[in-house]
Amino acid sequence: MASRIRSAEVLVTSPSRNFVTLKVTTDDGVVGWGDATLNGRELAVASYLRDHLVPLLVGRDAERIEDTWQYLYRGAYWRRGPVTMAAIAAIDLALWDIKGKTAGKPVYQLLGGAVRDGVLAYTHATGADLPELLDSVDAQVARGFRAVRAQSGVPGLEAVYGVHPGVAAYEPAGRGAAPAEEVWDVEAYLRHVPGVLAAVREHAGPELHLLHDAHHRLTPIQAARLGKDLEPVRLFWLEDATAAENQEALRLVRQHTTTPLALGEVFNSVWDCKDLITSQSLDYMRVCVSHAGGISHTRRIWDLAALYQVKAGPHGPSDVSPIAMAASLHLALATPNFGIQEHMGHAPLVETVFRHDYTFADGYLHPGDAPGLGVDVDEVAAAAHPYDPAYLPVARTRDGAVTDW
Ligand code: CS2
Ligand code: MG
């Protein structure tokens with residue numbers, strides 16, 4: 001007997017940062033949770049869901065996940081884009097959660113079962129200067145991480161992406177009605193960062209998986225130069241070396257360096273990923289389930305990537321809520337060409353709203369064996385933290401022109 005969707009509600013909650021959460025309830029009382037968080041543009045997704053998708057959901061068969069996906073994607077006529085794909089993702093995750101709960105199985109079992117015992121995870125190390133960064137790397141290794149992303153301050157620059165005091169999960173978006181502005185100097189960064197990463201490698205030894213994120217700030221030829229300079233460091237990956245709206249840019253980088261390349265956290269569909277994958281211009285694709293149409297669409301991207309020996313390295317910063325993190329882990333456990341999961345972690349207040357079953361031990365995450373995705377939302381705690389405007393920073397070069405943050 002088909003189980004129908006009785007209601008769907010959108011919650012926007014801000015336990016230290018904003019999250020857009022979808023609650024779908026079936027007529028037999030099963031609740032599924034989805035994540036639709038889009039950092040700095042939360043209310044646009046909330047409205048897309050509330051005003052346009054929720055009314056279409058009520059009465060639909062909750063079991064027909066793929067049909068609902070196709071209906072919402074093709075049925076809009078206007079395809080892709082971060083707002084649309086985050087909204088569809090939330091519905092997709094909620095329906096997989098319901099399917100798991102109805103079947104009494106964790107979602108990874110419905111995706112074909114585990115192909116590995118755990119999901120290799122990396123976290124962030126950060127330091128205003130080298131000694132601080134080395135301490136941060138040591139602290140993350142002491143927590144059990146075998147893979148660490150290292151970001152460092154740059155002399156002469158007040159604010160640099162990924163550099164924050166303390167090792168706890170930080171949030172790059174700042175509270176307030178408008179974005180903070182930062183000065184960016186690409187030459188200062190390119191002069192400084194190869195030496196820093198070489199020192200981290202020397203300090204940490206050869207076995208630690210070391211990652212670095214250039215956050216879309218380099219031109220292709222600058223990215224090629226950085227990749228070359230970093231070859232002796234043997235990075236696990238260099239992330240977002242250049243912006244990739246123009247996917248051909250990555251070919252130039254690729255031709256010049258053997259440093260492994262990762263990219264795609266801002267992508268939201270297989271169409272954004274296709275050329276990079278089929279031209280083998282990168283080693284790891286970074287889309288995450290909550291920004292790329294959910295489990296149903298992301299698994300198609302991973303399957304395409306498998307044909308070209310590209311691995312999955314999903315995005316997992318603080319703006320990927322515990323619901324999407326859980327979904328990513330279920331998919332990772334069942335995906336043969338999975339590589340590594342980013343796990344920045346969340347502030348303790350976030351974990352009072354989203355109670356999750358996934359666990360971290362000895363370098364690996366596991367989604368747990370609870371039916372569904374394994375995340376519960378405390379709605380009373382969520383309501384105690386209403387939406388609070390926050391924006392990602394904007395960067396300007398020294399001459400005052402806006403550049404990529
Ligand atoms: C980042 C993110 O985790 C990463 O690799 O690039 O921190 C990114 O800046 C945020 O997701 C933006 O919301
Ligand atoms: Mg990144």
Side-chain angles (χ1 to χ4, degrees), residues 14 16-20 35-45 82-83 85-86 89 121-126 136 140 145 147-152 159-164 167-175 179-180 182 184 189 193 209-218 223 226 235-245 250 260-268 272-273 276 282-292 312-322 324-325 328 339-347 350 365 389-395 403-405:
S14 193
S16 78
R17 66 169 329 289
N18 294 308
F19 293 103
V20 181
D35 178 26
T37 305
L38 190 60
N39 209 356
R41 296 293 185 270
E42 294 85 2
L43 299 186
V45 194
V83 174
M85 296 303 273
Y122 77 88
T123 197
H124 296 188
T126 172
S136 177
Q140 299 299 24
F145 283 97
V148 173
R149 188 191 87 165
Q151 305 295 127
S152 145
V160 176
Y161 166 75
V163 180
H164 278 259
V167 294
Y170 62 87
E171 173 50 52
R175 299 283 198 196
E182 298 176 354
W184 175 242
Y189 166 82
V193 89
H209 298 312
L210 196 57
L211 300 82
H212 180 71
D213 189 349
H215 220 250
H216 302 119
R217 291 172 176 212
L218 312 177
L226 181 61
L235 284 187
F236 184 93
W237 81 32
L238 173 61
E239 177 181 336
D240 290 339
T242 191
E245 284 107 323
L250 257 282
L261 301 172
L263 195 135
E265 66 182 39
V266 300
F267 291 174
N268 48 67
D272 302 324
C273 305
L276 285 178
L282 83 178
D283 302 278
Y284 294 88
M285 180 49 77
R286 299 257 307 133
V287 293
C288 80
V289 290
S290 55
H291 296 142
H315 197 203
S318 47
D319 39 309
V320 168
S321 88
M325 179 55 66
S328 190
I340 196 165
Q341 170 70 56
E342 181 179 19
H343 180 48
M344 190 170 162
H346 292 102
V350 174
L365 288 156
Y391 289 94
L392 291 168
V394 166
T403 185
D404 296 321
W405 173 73

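First listed ligand is number 1; within each ligand, the first listed atom is number 1. Sequence positions, counted from 1, serve as the residue numbers for this chain. Remember, it's a predicted structure, so these values are computed and weren't measured experimentally.
Of the protein's heavy atoms, His215 NE2, 2.8 Å lies nearest to atom 9 (O) of ligand 1. Protein heavy atom closest to atom 12 (C) of ligand 1, with residue, atom name and distance, is Leu392 CD1, 3.8 Å. Distance from atom 1 (C) of ligand 1 to its nearest protein heavy atom, with residue and atom name: Tyr161 OH, 2.8 Å.
Where the criterion is an N or O separation shorter than 3.5 Å, residue side chain and backbone included, His315 meets it with respect to ligand 1.
Close contacts of ligand 1 with Asp319, meaning ligand atoms under 4.0 Å from a residue heavy atom, involve 10 (C), 11 (O), 12 (C), 13 (O). Applying the 4.0 Å criterion to heavy atoms of Asp213 picks out, from ligand 1, the atoms 1 (C), 4 (C), 5 (O), 6 (O). Close approach of ligand 1 to Arg286 is summarised as follows: ligand atoms under 4.0 Å from at least one heavy atom of the residue are 4 (C), 5 (O). Residue-ligand proximity, Glu342 to ligand 1, at heavy-atom distances under 4.0 Å covers atoms 3 (O), 4 (C), 5 (O). Against a heavy-atom cut-off of under 4.0 Å, Trp405 is close to the following atoms of ligand 1: 9 (O).
Between the OG1 atom of Thr242 and the CG atom of Leu263 there is a distance of 8.5 Å, given to the nearest 0.5 Å.
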>> I'd like to know whether Ser16 forms a side-chain hydrogen bond (donor to acceptor under 3.5 Å, both in side chains) with Glu171, so could you lay out the CA-CA distance, the side-chain angles of the two residues, the decisive distance to 0.1 Å, and finally the verdict.
In response: CA-CA 9 Å; Ser16 78; Glu171 173 50 52; over 6 Å; no
>> Go through it in stages, so that I can follow the logic: the residues are Thr126 and Gln151, the test is side-chain hydrogen bond (donor to acceptor under 3.5 Å, both in side chains), and I'd like the CA-CA distance, side-chain angles, deciding distance and then a yes or no.
In response: CA-CA 5 Å; Thr126 172; Gln151 305 295 127; over 6 Å; no
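Taking the six-membered ring for Trp, Tyr122 and Trp237 have ring centres closer than 6.0 Å. No close placement of the Trp184 and Tyr161 rings is indicated, their centers lying 6.0 Å or farther apart.
Under the 30°/60° scheme for interplanar angles, the aromatic rings of His124 and Tyr170 are found to be tilted.
Vertex the Mg ion (ligand 2), arms ending at OE1 of Glu265 and OD2 of Asp213: the angle is 180° after rounding to 10 degrees.
Both tests pass for Arg17 against the ring of Phe19: distance under 6.0 Å to the centre and angle within 45° of the axis.
Only the side chain of Glu265 comes within contact range of ligand 1, with a heavy atom under 4.0 Å; no backbone atom does. Contacts between Tyr122 and ligand 1, counted as non-hydrogen atom pairs separated by less than 4.0 Å, are absent for every part of the residue.
Within Glu239, OE2 is the N, O or S atom that lies nearest to the Mg ion (ligand 2).
Using a 4.0 Å cutoff on heavy atoms, Tyr170 does not count as a contact of ligand 1. Proximity of Arg149 to ligand 1 is established by a heavy-atom distance of less than 4.0 Å.
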